[in-house]
Amino acid sequence: MFTTGFKLFFGLFGAFVVAALIYGYSTGGDSVGPLSLGWKGAVGDHIGYGLLLALATASLMISVVLVSYRDADADAQARLQNLAEVPTDSTVTASFWPVSASFGVGAAVLGLVLHPLVFILGLALVVLSLIEWTIDAWADRATGDTEANRALRNRIMAPLEIPIFGALAIGVVVIAASRILLNVSQLQAVTVAGVVSALILAGAWLYVARPGQSRRLVRVLGAVAALGLLLGGVLAAVAGERDFEHHHSDDHNEESYESSSEPSEGENFG
Amino acid sequence: MTLTESATADPQVASAATAVTTSTPGSETQTLAQPFVTSDGSAIGRLFVMVSLLWAMFAAVIGALVAFGRSDAVEPAEVFAGLNAYFRMWTLYRVSLMLLVLLPLLLGVAMVVVPRQVGAANLAFPRAALAAFWSWLIGSVIMVVSVLAGGGWGALDGVTRNEGDAMALTLLGTGLVIVALLMGTLSLAATVIALRDAETSLLDVPPFAWSMLVASAVWLFTLPIAIANIVVVYADLRGRAAIAFGRAESPDIWLQLDWLFEQPAVYLMAVPVLGIAAEAVSAVLGTRFGRPEAIAAIVGIFALLAVGGWSQDYFTAPQDLRDGLVYVAFGLAAVVPVAALIGALGMQATQNPLKPQQLIDTRMIGAAAALLVLGAATVVGALRVIEPLDLLESSATWAVFHGVVTAVFIAAVVSMVHWSSELFDASVSKRASGASVLLVGAGGGLLVLSDLVSGFISEESDIMALALDGSVLLNVLNFVGSVTFALGIAAIVAAVAQAMRVREAAEATLQASTA
């Protein structure tokens, strides 16, 4: 009668309502305020209380939609498609998100002691993983057909995943590359950038010229390059940037740069 | 000609190849990514088994060093560069044996075996089980590294600020390890309760599955209390200067958590021993136990006596709790179910004349040894709660602990032999596993004996004895016991590694034949 998705979101609705009530009372609400949505009396902190109630409302609406449309009910969908038999494949597909959540928890644990930023990144990874995990779990039971489930999952998540992960990947590349280039001297930075660009160009040319290349080899090379960039970025970030010398003239402000490793005046622009 | 006949002359590899080809439906192809993404409960169970065996080697080495450190040959501070470091290793040895070795080892075996026993195609919540494994692994690495970096569960000789931070990491790592184990436990319990064959009642499931279900309940009742303890300690530690926890006379953190390693809570590790022993003996004899409900009741009673969160005595005066009737009754009563099972299995074994092959079967020897050592541990536990003997705060506490650890490890070896085809798709060497049982049994026996005798001889309460009171002989026996125990662990690790090599060879054979 009640579908799995309905149970999940209805449970979330209940949890958010309780959380809103507790939050309302614990932040200065009076006896009736949080219960009457602020119609009679104070609700305490308006922002937190309102946010939790908004989440509760959204969860309730989603749960109603899910039960109305018989979401993840293979029987109902089979009847709709006039299938003679209900597909019964309930394989739990392989997923990276449980491991990702574990690493997120590990990072959060480390961050509690080492640095708040690590803690926040860990929590963000946990939240992201839980969302993806939830969608995977839902998709596995959406129909009785594994292929259809995968297509459904991708139809929902790909429009979000591709831009978000793309932006994240670009961000990581930009930050890591910039840390490396800012760590080495000016001349070395130009050299590194030139060599890496040439390597990318050569690799792409080879890939196009010889389409029979092993895809596995290309993947391995890509993974090695990504890991190298990430590792180099982290090491460079730990080592810090080269020294920048700022000169201010009377006529106009102009920055000059000087590498700490090659402190010759000839390299100054100012 | 079959696939397995064509490519190898090694009968072990051929047999493993057959096992690989007929393994569970839905099992995935072995790839480098598999440990990170698998939803196959058996694969996750194997990961738990492999990594916990590696941790077992680590714990055994630490244990041997600690025993060496308190022998008369050297001073503890000489081996570990300071009294605090000795204390860190002393506690790490105990915590890692329980949380990094025995509980995950049993959990791993159960994740492979129990779903098949109850007729389930896979574990319930396999993704949660995968998250449990990785969280356990990450937590265990954080815990061990932070201890090695100067953290740990308290100190004897003051701490610096950095050591205080490392202690906080140790606590968080320990908490993460326990949460992860509980997550795996939930997955396992849900499998027995919800996914078992529709026509099988709970009392009809095989003894091992039943014992793991009951053990899961005990773990779920007891371990969260340790987590609550850790939260309290962590809040205290981060809320004020770490030096407050480093008073030389007050290793407070450990004193808030040590109840987990003392009776009755220490018995929570041993509940599955009863199930493994019952199944191994029945399998060797080739007969089913006539009264399975009796086995279920015995296991249930023992599990009940292992629920131990209530025995946390840090916040009360110890004499109020540990001299109380309930504590004494739990200590005395724990002997009964173990003795009952020994009696029941003994009667079953003597119904028909035993053949020589049955008598020397590793599973039979191991099951008998595990039950006898566990029985000895519960007897020592019973002696410990008898007030006139004055053993409560003595090293007899660790005699019980070592007895339980020895029994559980032997039972784990028996399970790896008995279910080797399910666990490894290849048989575990009987010679190496037999040697492991004997070495672990002998080493554990020496540890129990030296700790117990020292407890009797000791004139002062000193539960964290830097040297066993009594004589040089006891300390030497303790060290020899630790080394023998470590050798026993090394033997089973070698046997499992050999089985895994056979499995890999079988897979290679299969791939070559397919190609």
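The shown structure was predicted, so the numbers you read here are calculated from the model rather than taken from an experiment. We use all heavy atoms of the structure for the numbers below, so side chains are in, but hydrogens, waters and symmetry mates are not. Here is how names work: the chains are called A, B, and so on, in the same order as the sequence lines, proteins then strands, and each is numbered from 1.
At a threshold of 4.5 Å between non-hydrogen side-chain atoms, the residues A:R153 and A:D136 count as touching.
Annotation: ring-ring contact (aromatic ring centres under 6.0 Å, His included) contacts of A:F13 (sequence neighbours excluded): A:F10. Scanning for salt bridge (charged side-chain N to carboxylate O under 4.0 Å, His left out) contacts around A:R179 gives A:E241, with sequence neighbours left out. B:E504 pairs by the salt bridge (charged side-chain N to carboxylate O under 4.0 Å, His left out) definition with nothing, not counting sequence neighbours.
The environment of A:I47 atom CD1 is sparse: at most 12 non-hydrogen atoms of other residues, nucleotides or ligands sit within 6.0 angstrom.
For B:L169, the parts lying under 4.5 angstrom from a heavy atom of chain A are both the backbone and the side chain. Using a 4.5 Å cut-off between heavy atoms, B:Y234 touches chain A through its side chain atoms alone.
Most heavy-atom pairs under 4.5 Å with chain A: of the set B:N122, B:L130, B:V179, this distinction falls to B:L130. Ranked by heavy-atom pairs under 4.5 Å with chain B, the first of A:L110, A:L114, A:V105 is A:L110.
In the model, B:R127 has a side-chain atom that pairs as donor or acceptor with a side-chain atom of A:T93 under 3.5 Å. For the residue pair A:T134 and A:W97, no side-chain donor N or O sits within less than 3.5 Å of a side-chain acceptor on the partner.
Note that CG of B:L148 is 5.0 Å distant from CE of B:M89, once rounded to the nearest 0.5 Å.
Below 4.5 Å, heavy atoms of chain A meet heavy atoms from B:W134, B:S135, B:I138, B:I142, all part of residues 132-144 of chain B.
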